Amino acid sequence: MEALQREIADAAAFADDLPFDPDAVAVDGPVEADASGNERLGPSSDAPVIVGVDQAFLDERAVSAIVAVQDGAVIERAHAVTQLSIPYIPGLLAFREGGPILAAIEELSVEPDLAVFDGSGRIHFRQAGIATHVGVVLDLPSVGVAKTLLCGEPAEPVDGRPAGWSTPIEAGPDVEAPEGTTIGHAYQSRQWDRSQSINPLYVSPGHRVSAATTRDLVDALCAGYKLPEPTRLADRYADEVKAEYE
DNA sequence: GCGACAG
DNA sequence: ATCTTGTCGC
């Protein structure tokens, strides 16, 4: 599995090769979850279709949820319930959740322009986190958004930073990349005004996106919550589907 | 052997 | 990821 990850990292493009202008991406406010107001029946413009991907679990089954957003509105949701066979092992997450995610994406009728994954991309021991792995398999532009850091080193302390702040995550001895290579960023999407502090997000390129653009895209996709809208919606949808299966 | 480790 | 009460703050 590790050898395959090195091949995937080799095939991955950590430079911008997007079918749309990343500077044109923006989500004004929180997106309504479903048909409660601004859902359309399918893609209606040439604006990029961005999908959020997340999972929930019941016993040894994975509930993979996909929510497609375009112009700040949900245009489609899809999901799949799959039997799991591989345990969770840090560094090998894609082998456990990759198949289930592909099954859910196959249920989608729209063609995504970008996928936002819950987990790392290039911030990975062999530069092949789940965002990179699935992105390469589908040759789909992708980014990874993780809530905790798997490996690498922040260029500076990350505690108590204001919203909008970010710092590079550099490759250390634990990453198979030249020492100091920027493999992603710590990005503070949200912060409290006083007292309590919120941890930053750890964002990294999946495939066909650079580290800087990944940070900018996540920044543009956040709308008042810690997680970017596509991810937050997929998170909620996964819980919704899970509830129906138990 | 010890420590570290996405979801 | 999942199991869960109470609690702080707008």
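In what follows, every chain begins at residue 1, and chains take the letters A, B, ... in the order their sequences are listed. The structure presented is a predicted model; accordingly, all values stated were derived computationally and were not measured.
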query: Are V81(A) and L84(A) connected in the hydrophobic side-chain network, where two residues link if heavy atoms are under 4.5 Å apart?
result: no
statement: Checking L201(A), L217(A), V143(A) against P228(A) for side-chain contact (heavy atoms from CB on, under 4.5 Å), the one that qualifies is L201(A)
- prompt: salt bridge (Lys or Arg N to Asp or Glu O under 4.0 Å): which pairs involve residues 80-108 of chain A, sequence neighbours left out?
  reply: none
Atom [atom1] of [X] to atom [atom2] of [N]: distance rounded to whole Å?
| X | N | atom1 | atom2 | value |
| --- | --- | --- | --- | --- |
| F117(A) | dA1(C) | CZ | C1' | 17 Å |
| E97(A) | dA1(C) | CD | P | 9 Å |
| L84(A) | dA1(C) | CG | C1' | 11 Å |
| I101(A) | dA1(C) | CD1 | C1' | 13 Å |
| Q191(A) | dC10(C) | CD | C1' | 16 Å |

- prompt: Any side-chain donor-acceptor pair under 3.5 Å between R61(A) and Q83(A)?
  reply: no
field: Modelled atom types, side-chain donor and acceptor of S197(A) and D159(A), under 3.5 Å
entry: no
With sequence neighbours left out, what residues match [X] under side chain to side chain contact (heavy atoms under 4.5 Å, CB included)?
| X | value |
| --- | --- |
| A115(A) | V51(A), F117(A), L140(A), S142(A) |
| L4(A) | E7(A), I8(A), F95(A) |
| A12(A) | F14(A), T132(A), V136(A), H207(A) |

Mind checking if [X] touches a base, just sugar-phosphate, or nothing, with heavy atoms under 4.0 Å?
| X | answer |
| --- | --- |
| L92(A) | base |
| S120(A) | base |
| Y88(A) | base |
| I123(A) | nothing |

query: Got a sec, which residues hit ring-ring contact (aromatic ring centres under 6.0 Å, His included) with F125(A), two or more places apart in sequence or on another chain?
result: none
statement: Residues passing the ring-ring contact (aromatic ring centres under 6.0 Å, His included) test with H185(A), sequence neighbours excluded, are none
- prompt: Are the side chain of K242(A) and the backbone N or O of V63(A) linked by a donor-acceptor pair below 3.5 Å?
  reply: no
- request: State whether the side chain of D54(A) and the backbone N or O of T231(A) hold a donor-acceptor pair below 3.5 Å, judged by distance alone.
  value: no
task: Count the heavy atoms belonging to other residues, nucleotides or ligands that lie under 6.0 Å from CD of Q196(A), then report whether that count exceeds 12.
output: no
message: Restricting to salt bridge (Lys or Arg N to Asp or Glu O under 4.0 Å), what partner residues turn up for D239(A), sequence neighbours left out?
response: none
query: Which distance, rounded to the nearest 0.5 Å, do you find between the CD of E179(A) and the CD of E170(A)?
result: 9.0 Å
- request: Write out the stems for DNA chain B, ordered by first number and formatted as range with range, counting runs of at least 3 consecutive Watson-Crick or G-U wobble pairs under 3.5 Å.
  value: none
query: Of the residues in residues 165-182 of chain A, which ones touch DNA chain B at a heavy-atom distance under 4.0 Å?
result: none
Produce the list of close N/O pairs, under 3.5 Å, pairing protein atoms with atoms of nucleotides 5-9 of chain C; give distances to one decimal.
none

- prompt: What pattern of brackets, bars and dots sums up DNA chain C from 5' to 3', given Watson-Crick or G-U wobble pairs under 3.5 Å, [ ] for crossing pairs and | for another strand?
  reply: ..........
- request: For DNA chain B, note the earliest and the latest nucleotide, 5' to 3', having some atom under 4.0 Å of a heavy atom belonging to chain A.
  value: dC5(B) to dG7(B)
query: Under a 4.0 Å N-O cut-off, is there an ion pair linking E156(A) with R161(A)?
result: yes
task: Would you indicate, yes or no, if dA1(C) has its OP1 or OP2 atom less than 4.0 angstrom from a side-chain nitrogen or oxygen of K147(A)?
output: yes
